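Inspection log for the structure reproduced underneath, given as structure tokens.
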Amino acid sequence: MARVAPHCGSVPAGASGLPRRMGIGLKSQHFRDVLASRPDLGFFEVHAENYLVDGGPFHHFLGRIRERHALSLHGVGLSIGGEAALDEAHLARLARLVERYEPASFSEHLAWSSHGGAFLNDLLPLPYDAPTLDRVCRHIDRLQERLGRRILLENPATYVEFEASTMSETGFLRAVLQRTGCGLLLDLNNAYVSCTNHGRDAWTYIDELPLAAIGEVHLAGFARGRDGAGAPLLIDGHGSPVDEAVWALYGRLVGRLGPVPTLLERDNEVPPLPVLVAEASRAEAVMAAALPADCGAALQVPA
């Protein structure tokens with residue numbers, strides 16, 4: 001697997017503290033394999049909500065793995081776009097988790113997932129208008145204040161859009177980042193899924209984002225389905241390898257920015273660890289190819 005030296009390649013101005021290498025999502029079925037094989041990866045990422053209890057086997061293994069690898073915490077339950085104020089008890093538990101593991105990065109989604117005290121177990125879309133912008137910025141300000149750090153905000157995968165929106169998704173994200181100072185987690189699969197579903201060009205979408213604010217990139221697979229009218233629909237399923245169209249976007253992005261911290265997500269139909277590591281090696285090769293020629297000596301590339 002290619003190893004990117006820390007002094008080679010360009011670093012976006014808004015980069016997180018994650019290594020500019022490939023990471024994978026850490027799954028409980030891989031805990032022992034990770035400790036035994038010590039895969040050559042830049043970092044691991046976990047869903048923060050799986051670790052909000054004080055003890056148990058998840059913490060036992062994560063603590064041991066954290067001793068050897070950088071860590072990214074990825075929140076899925078804050079409902080940053082929701083109408084209600086952020087849950088202060090949830091925030092307190094997240095703050096304790098961040099203090100415990102000192103992750104290189106913490107991220108959340110541009111979405112809402114709760115309403116009226118009910119948690120909907122989904123990441124739902126928002127109207128992009130001034131009241132929503134104020135609310136999202138207020139919530140991110142509170143989150144960053146409580147955690148004592150800058151977060152990354154992830155672009156969503158969407159299947160419907162609101163007629164009430166008065167700005168584009170990219171314009172909304174630019175405004176949020178400018179007002180709150182948070183960074184961007186660019187999910188290329190989400191970008192491709194959303195743009196395909198809404199009849200837009202994915203690279204145009206990416207090019208409209210503040211790419212210097214990227215602190216992490218996500219790669220994942222999608223599923224193909226059909227909507228109620230029978231039209232093709234892409235679904236952010238995280239249950240298959242990364243699609244070639246998403247790899248093409250990744251190559252183009254890395255060609256512009258140089259190596260960036262990149263995560264391979266697989267949450268469903270999770271394969272054995274060596275399969276994920278092999279897929280991650282493709283992203284490392286893409287990053288290695290984007291480096292200047294005088295950085296070649298700093299790389300270790302498999303035959």
Side-chain angles (χ1 to χ4, degrees), residues 11-27 41-52 62 66 69-82 86-87 90-91 93-113 122-124 126 136-137 139-157 169 172-174 176-177 179-191 194 206 209-220 236 238 253 257 260-267:
V11 182
S16 68
L18 290 168
R20 287 177 289 124
R21 294 194 61 206
M22 192 68 192
I24 65 173
L26 179 62
K27 301 303 177 186
L41 295 166
F43 64 99
F44 287 96
E45 183 165 284
V46 298
H47 289 168
E49 281 73 12
N50 289 333
Y51 294 85
L52 294 185
L62 184 59
R66 176 68 182 90
H69 297 275
L71 178 66
S72 174
L73 292 180
H74 191 46
V76 296
L78 269 178
S79 196
I80 280 178
L86 297 184
D87 184 329
H90 193 132
L91 278 178
R93 290 192 292 269
L94 287 175
R96 287 196 298 271
L97 187 66
V98 166
E99 182 178 4
R100 179 173 186 170
Y101 289 106
E102 297 182 343
S105 177
F106 181 90
S107 54
E108 249 289 357
H109 300 81
L110 179 61
W112 62 280
S113 55
D122 206 343
L123 298 168
L124 299 167
L126 301 167
V136 168
C137 290
H139 290 168
I140 291 176
D141 286 342
R142 176 56 187 146
L143 173 59
Q144 294 186 139
E145 176 187 44
R146 186 65 183 85
L147 297 186
R149 61 165 59 208
R150 180 175 182 263
I151 73 153
L152 303 179
L153 184 66
E154 180 179 345
N155 59 296
E169 184 171 288
F172 189 91
L173 280 163
R174 287 197 306 270
V176 171
L177 269 60
R179 284 178 52 172
T180 67
C182 75
L184 177 64
L185 193 168
L186 175 56
D187 190 311
L188 289 175
N189 184 65
N190 287 358
S194 296
I206 292 165
L209 293 169
L211 300 184
I214 292 175
E216 185 179 350
V217 170
H218 277 187
L219 301 174
D236 180 33
H238 291 194
L253 180 73
L257 297 180
V260 291
T262 303
L263 181 83
L264 176 66
E265 290 188 291
R266 186 75 71 85
D267 297 319

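For the single chain, residues carry numbers from 1 onward in sequence order. None of the values given here were measured: they were computed from a predicted structure.
- In this structure, CG on L209 lies 9.0 Å from CG on L177, to the nearest 0.5 angstrom.
- In this structure, the separation between CG on L26 and OG on S72 is 11.5 Å, given to the nearest 0.5 Å.
- Of all heavy-atom pairs spanning H90 and E49, the tightest one is NE2-OE2, 3.0 Å.
- From I24, atom CD1 reaches atom CD of E265 across 12.0 Å, with rounding to the nearest 0.5 Å.
- In this structure, the salt bridge (Lys or Arg N to Asp or Glu O under 4.0 Å) partners of D267, at least two apart in sequence or on a different chain, are K27.
- With contacts defined as side-chain heavy-atom distances shorter than 4.5 Å, the pair E45/S105 does not qualify.
- Residues P261 and G215 approach most closely at CG-O, 3.5 Å, considering heavy atoms.
- Judged by distance alone, with hydrogens and angles left aside, the side-chain atoms of D187 form no donor-acceptor pair with the main-chain N or O of N155 at under 3.5 Å.
- Put simply, the side chain of T180 does not reach to within 4.5 Å of the side chain of L153, judged on heavy atoms.
- No donor-acceptor pair closer than 3.5 Å links the side chain of E108 to the backbone N or O of S79.
- Note that NE2 of H139 is 9.0 Å distant from CD1 of I80, once rounded to the nearest 0.5 Å.
- When every heavy atom of A191 is checked against every heavy atom of I206, the shortest pair comes out as CB-CG1, 4.4 Å.
- Residues passing the ring pair (Phe, Tyr, Trp, His ring centres under 6.0 Å) test with H69 are F44, sequence neighbours excluded.
- Residues that satisfy the salt bridge (Lys or Arg N to Asp or Glu O under 4.0 Å) test with R266, not counting sequence neighbours, are E279.
- Using modelled atom types, one side-chain atom of Q144 and one backbone atom of I151 make a donor-acceptor pair closer than 3.5 Å.
- Take E145 and apply the salt bridge (Lys or Arg N to Asp or Glu O under 4.0 Å) test, not counting sequence neighbours, and it matches R142.
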Note to self: Between V76 and H109, is the side-chain contact (heavy atoms from CB on, under 4.5 Å) condition met? List the steps.
What the structure shows: CA-CA 7 Å; V76 296; H109 300 81; 3.7 Å; yes
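- Side-chain atoms of M22 and L264, non-hydrogen and from C-beta on, do get closer than 4.5 Å to each other.
- Nearest heavy atom pair, residue V176 against residue C182, reads CG1-SG, 4.3 Å.
- Between the side chain of R146 and the backbone N or O of L94 there is no donor-acceptor pair closer than 3.5 Å.
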Next item on the list: Verify side-chain contact (heavy atoms from CB on, under 4.5 Å) between L263 and L18, making sure each step is shown before the conclusion.
Entry: CA-CA 10 Å; L263 181 83; L18 290 168; over 6 Å; no
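- One finds the CG atom of L97 at 8.0 Å from the CG atom of L62 (value rounded to the nearest 0.5 Å).
- Looking at heavy atoms from C-beta onward, Y51 lies out of side-chain contact with L73 at the 4.5 angstrom threshold.
- Contacts of S107 classified as side chain to side chain contact (heavy atoms under 4.5 Å, CB included), with partners at least two apart in sequence or in another chain: H74, L152, L185.
- Residues satisfying the side chain to side chain contact (heavy atoms under 4.5 Å, CB included) test with S194, not counting sequence neighbours, are A157, T158, H198.
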Checklist line | Step-by-step side-chain contact (heavy atoms from CB on, under 4.5 Å) determination, L211 to L253 | finding: CA-CA 9 Å; L211 300 184; L253 180 73; 4.2 Å; yes
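- Of all non-hydrogen atoms in R174 and P210, the two that sit nearest each other are CG-CD, 3.6 Å.
- When all heavy atoms of A213 and R150 are compared, the closest pair comes out as O-NH2, 4.3 Å.
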